[in-house]
There are 2 protein chains.
Amino acid sequence: MSKPARSDGTVGKALEILDLVASLGRPVRFTELLEQSDHPKATLYRFLQTLTNQNMLSYDPDTQTYALGVRLVRLAHAAWAQSSLAPVARPFIDALAQETGETVHLAQMEGGQVLYVDKRNAANPVEMFSQAGKVGPGYCTGVGKAIMAFMPQDAQDRALSQQAYYAYTGNTLSSAERLRGELEEIRADGISYDREEHEPGIICIAAPILSGGRRVIGALSITTTTTRNSLDGLNTFRPALTKTAKAIGTEAANWQFPTQN
Amino acid sequence: MSKPARSDGTVGKALEILDLVASLGRPVRFTELLEQSDHPKATLYRFLQTLTNQNMLSYDPDTQTYALGVRLVRLAHAAWAQSSLAPVARPFIDALAQETGETVHLAQMEGGQVLYVDKRNAANPVEMFSQAGKVGPGYCTGVGKAIMAFMPQDAQDRALSQQAYYAYTGNTLSSAERLRGELEEIRADGISYDREEHEPGIICIAAPILSGGRRVIGALSITTTTTRNSLDGLNTFRPALTKTAKAIGTEAANWQFPTQN
DNA sequence: GATTTGGTTCCAAATATTGAAACCAAGTTT
DNA sequence: AAACTTGGTTTCAATATTTGGAACCAAATC
């Protein structure tokens, strides 16, 4: 603690409160928030008022609780649709899932965490809103490592410092040094693996998506279980995976919004 | 224009900018935003900085454009998951779609507009993130009218004044007075219809969802086309629809977050 | 009837926002 | 090549907002 945490004025504080509500994962009472946030009563109260007015929060008078508001859903829909990554990648992901018969993830990174923006499961063809938007740790997932490996130095340093390095399994890379070492290899190789580092029995192979072949904007992974398949088995998907990732990267770079001049 | 529009201080202005970016529907240049927003250069610049810092916007250095950021997607996921409506309604919607063989929508209202939070199509079993989050007009959709009909007076008045009353079709209710009249009937009857008021050939039957039988928190609709079915045909679904809506309403009211005491 | 708990309002002091204007870097035009 | 755009960033004093301690209110509890 005691991190000044570049706090971006009033707007930053308001968003912090949204995150707080989100992190609790359920509708919350005023007092509960008061305990968590270090704002005085009056201040918190006004933020809550404002955010509720703005439909960023909703207030349920029956239970006297605050929850995240519908405006977020609307904005997120727009975000998804106007991103150059997710909509562009969609058909490619479909194809890859089809071809491999395994689960495919598309992820971006936010604040050191991995954010899954799309997912395709060979079994049920389309995944649902309630799935996209999930977050996961960066340091022990295939997509997280793939993205970090290709970040510019300063961003990578920041990301490395934001990891928790909790050892989920015996294979988890549990220090910044070890992770940094692996990132170098990944950068050289162009591929990352999750060797049961996050969950026992779950393995994956991932590749970064480089916009125009240069700037990393996300990652693509093929996930399976050790009972279904193996790392060697995943390796047979490598050509398809890298080809798809590259295709998405060029497509995303070229994706100019329709109204260009 | 010239509407003071209860502007909730700095936070409100920042969110206004997010909406602006969202409304343009594609990545936008600084100057473009400058023209649209009535902020001076320096002010807009700082807002953009802040929002980008906060991952509410993303900046693409290649194209020099701003787009909505990934943090929104993460927050929206949480919003969806912690809402007492959408997750609770899910299995009911599945069942209703199954039973009727028609398309089922679940909607809430935000700022006079209808926001679709879930959708189930008999044909493709699950609908996708890119679909949930869409918005539509309130005054000429079944769900919109169902929700407004059951709002408390002051909220209804506000909603009525927020409608555009553009006549999409010959059947569109194109004035607040006519709409108000219909809302009364809907309130008495407990059911609303869309009689090709928004799109020719598209009809629907909708029912409000009342939390604990009192407070309206959304609406449920069964949609079809005039070629597939008819208003009379839709009416045969009425019992199933109202039963489902009522079931969701009680369930949502009882839905106390797990960690209760 | 007194006391606690949960929420809302007041107001002066502290702080953040504001925007005109200056500035800078790249491209264009002349 | 000099002058002039266009697009973006920074400065700084004036101004408007936010801040939070404390008072206040209502409802539930002792």
Side-chain angles (χ1 to χ4, degrees), chain A residues 3-21 24 26-54 56-67 69 154 215 256-257 259-261, chain B residues 1-21 24 26-54 56-67 69 154 215 256-257 259-261:
Chain A
K3 214 182 303 159
R6 188 222 279 101
S7 85
D8 279 326
T10 317
V11 179
K13 288 175 210 160
L15 294 175
E16 214 169 273
I17 291 182
L18 281 186
D19 268 349
L20 179 58
V21 176
L24 295 176
R26 57 186 162 74
V28 280
R29 285 236 168 58
F30 178 90
T31 316
E32 219 170 330
L33 289 172
L34 188 54
E35 287 164 10
Q36 304 271 340
S37 87
D38 41 5
H39 296 287
K41 238 186 189 183
T43 304
L44 179 64
Y45 174 70
R46 267 171 314 222
F47 272 122
L48 257 30
Q49 286 293 78
T50 305
L51 290 170
T52 306
N53 261 340
Q54 296 286 339
M56 297 296 279
L57 290 178
S58 69
Y59 179 72
D60 181 337
D62 292 349
T63 60
Q64 305 196 143
T65 54
Y66 294 89
D154 56 336
R215 195 165 46 87
Q256 297 298 43
F257 32 87
T259 346
Q260 175 83 295
N261 223 351
Chain B
M1 61 199 53
S2 81
K3 212 181 304 157
R6 189 222 279 101
S7 84
D8 279 324
T10 317
V11 179
K13 288 175 209 160
L15 294 175
E16 214 168 274
I17 291 182
L18 281 186
D19 269 348
L20 179 57
V21 176
L24 296 176
R26 57 187 162 72
V28 280
R29 287 234 167 59
F30 177 91
T31 317
E32 221 172 328
L33 289 172
L34 188 54
E35 287 164 10
Q36 305 269 341
S37 88
D38 41 5
H39 295 288
K41 237 188 192 184
T43 304
L44 178 64
Y45 174 69
R46 267 172 313 223
F47 272 123
L48 257 29
Q49 288 292 77
T50 305
L51 290 170
T52 306
N53 262 340
Q54 295 287 338
M56 296 297 278
L57 290 179
S58 69
Y59 180 71
D60 181 338
D62 291 349
T63 61
Q64 306 195 144
T65 54
Y66 293 89
D154 57 335
R215 195 165 46 88
Q256 296 298 44
F257 31 88
T259 346
Q260 177 83 295
N261 224 351

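Residue numbers start from 1 in every chain, and the chains themselves are labelled A, B, ... in the order their sequence lines are given, proteins ahead of strands.
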Stem ranges for DNA chain D, with three or more consecutive Watson-Crick or G-U pairs under 3.5 Å? C:1-30 with D:1-30
Euclidean distance, atom CD1 of residue B:Ile17 to atom P of C:dT17 [Å, nearest integer]: 12 Å
Between C:dG7 (C1') and A:Phe47 (CZ): distance, integer Å: 18 Å
Remember a base hit wins even if backbone is also touched, and classify A:Thr31 as base, sugar-phosphate or nothing at under 4.0 Å, heavy atoms. sugar-phosphate
Heavy-atom contact window of chain B on DNA chain D, given 5' to 3' at under 4.0 Å: D:dG7 to D:dT18
Pair listing, side-chain hydrogen bond (donor to acceptor under 3.5 Å, both in side chains) test, anchored in residues 34-51 of chain A, at least two apart: A:Tyr45-A:Gln49
To the nearest angstrom, the CD-C1' distance between A:Gln64 and C:dT5 comes to 12 Å
May I have the distance from A:Leu33 (atom CG) to C:dG6 (atom C1'), rounded to whole angstrom? 13 Å
Please state whether the phosphate of C:dT17, meaning OP1 or OP2, lies under 4.0 angstrom from any side-chain nitrogen or oxygen of A:Thr10. yes
Mind calculating the distance between OH (A:Tyr66) and C1' (C:dT8) to the nearest angstrom? 10 Å
Pairwise side-chain contact, A:Leu18 with A:Val21, heavy-atom cut-off 4.5 Å (strictly under): no
Under the side-chain contact (heavy atoms from CB on, under 4.5 Å) rule, collect the residues that match up with B:Asp60, sequence neighbours excluded. A:Arg215, B:Asp62, B:Thr63, B:Thr65
At a cut-off of 3.5 Å, list every protein nitrogen or oxygen paired with a nitrogen or oxygen from nucleotides 9-15 of chain C, distance to 0.1 Å.
{"residue": "C:dT9", "atom": "OP2", "partner": "A:Tyr45", "partner atom": "OH", "Å": "3.0"}

